[in-house]
Amino acid sequence: MKKENRSELIIYISIILFIILLRTFIITPVRVNGDSMNNTLHNGEILFLDKISYKFNDIERLDIVVINYKGERLIKRVIGLPGETLKVSDGKLYINDKLIKEDYLDEVTNDFIYDGVIKENCYFVMGDNRDDSLDSRYFGCFDKENISGKVNFTLFPFSKFGKIN
């Protein structure tokens, strides 16, 4: 094999390895499946999953995250953090008895009370389309280890390309 061909092969192998490492550890595309995040996200949209942010930063309230649940990827919004109490009364969200504004919602959430305090390393998540979302109200809180990362960038459709509001 000629030296030129060998160096070209090394370049191609390096590019392939870089892409594999990037996709495995840093970002990967995910597809929205279902209507539970309407009107923020819609069925079929493709987003970038940021897998590395939570290695250096804490999960924050209102982050949109991807959760691994029984072999499926759920895309939901973080509502409750470890150590907090949570309830919805008269359609309004209260965390530790303080009203939390939810400007991203188009509908009223049915009243409920989370029983107890959210455990350490656990997060309470809900979809933005509360009437059509299976979330922590049904499954309970999710352990941090089940959260793959956060999504904050839309790749497709191209008309929505960019940062998620």
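Predicted model, so just to flag it, every value in this text is computed and none were measured.
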Note: K92 and Y94 closest approach over all heavy atoms is O-CD1, 3.3 Å
Can you name the closest pair of heavy atoms from H42 and N39 and give their distance?
CE1-O, 3.3 Å
Residue from M37, K76, E102 passing side chain to side chain contact (heavy atoms under 4.5 Å, CB included) with D128:
M37
Using only atom types and a distance under 3.5 Å, with no angle test, would you say the side chain of [X] pairs donor to acceptor with the backbone of [Y]?
| X | Y | result |
| --- | --- | --- |
| S36 | S133 | no |
| N129 | D35 | yes |
| R130 | T109 | no |
| R77 | G127 | no |
| E84 | V117 | no |
| D111 | D90 | yes |
| N96 | K98 | no |

Do other residues, nucleotides or ligands put more than 12 heavy atoms under 6.0 Å from [X] [atom1]?
| X | atom1 | answer |
| --- | --- | --- |
| N43 | CG | yes |
| R61 | CZ | yes |
| K144 | NZ | yes |

Answer yes if the ring centres of F161 and F156 are under 6.0 angstrom apart, and no otherwise.
no
Take L17 and S14, measure what side-chain contact (heavy atoms from CB on, under 4.5 Å) needs, and give me the verdict at the end.
CA-CA 5 Å; L17 285 173; S14 298; 5.8 Å; no
Just verifying a value: how many Å separate [X] [atom1] and [Y] [atom2], rounded to the nearest 0.5 Å?
| X | Y | atom1 | atom2 | answer |
| --- | --- | --- | --- | --- |
| I118 | S136 | CD1 | OG | 8.0 Å |
| K51 | I27 | NZ | CD1 | 10.0 Å |
| L105 | T40 | CG | OG1 | 7.5 Å |
| I147 | I59 | CD1 | CD1 | 3.5 Å |
| L99 | S89 | CG | OG | 10.5 Å |
| I46 | L41 | CD1 | CG | 12.5 Å |

Got Y123 and C141 here, is their nearest side-chain heavy-atom distance under 4.5 Å?
no
One pair to check against side-chain contact (heavy atoms from CB on, under 4.5 Å): V88 and N110. What are the steps and the verdict?
CA-CA 7 Å; V88 173; N110 293 331; over 6 Å; no
Would you say [X] and [Y] are hydrophobically clustered, going by side-chain heavy atoms of ILVMFWY under 4.5 Å?
| X | Y | result |
| --- | --- | --- |
| I95 | Y104 | yes |
| I75 | L134 | no |
| L155 | I164 | no |
| V125 | L81 | yes |
| V30 | F153 | no |

Checking side-chain contact (heavy atoms from CB on, under 4.5 Å) for the pair L74/F142: CA distance, chi angles, key distance, verdict?
CA-CA 11 Å; L74 306 177; F142 290 94; 4.2 Å; yes
Pairing of R31 and E45 as salt bridge, 4.0 angstrom limit
no
Residues D135, R137: salt bridge by 4.0 Å N-O rule:
yes
Run T154 and F48 through side-chain contact (heavy atoms from CB on, under 4.5 Å) and show every step you take.
CA-CA 6 Å; T154 302; F48 276 133; over 6 Å; no
Is there a donor in the side chain of N68 and an acceptor in the side chain of S148, or the other way round, less than 3.5 Å apart?
yes
Step-by-step side-chain hydrogen bond (donor to acceptor under 3.5 Å, both in side chains) determination, Y54 to D63
CA-CA 11 Å; Y54 293 147; D63 283 355; 2.6 Å; yes
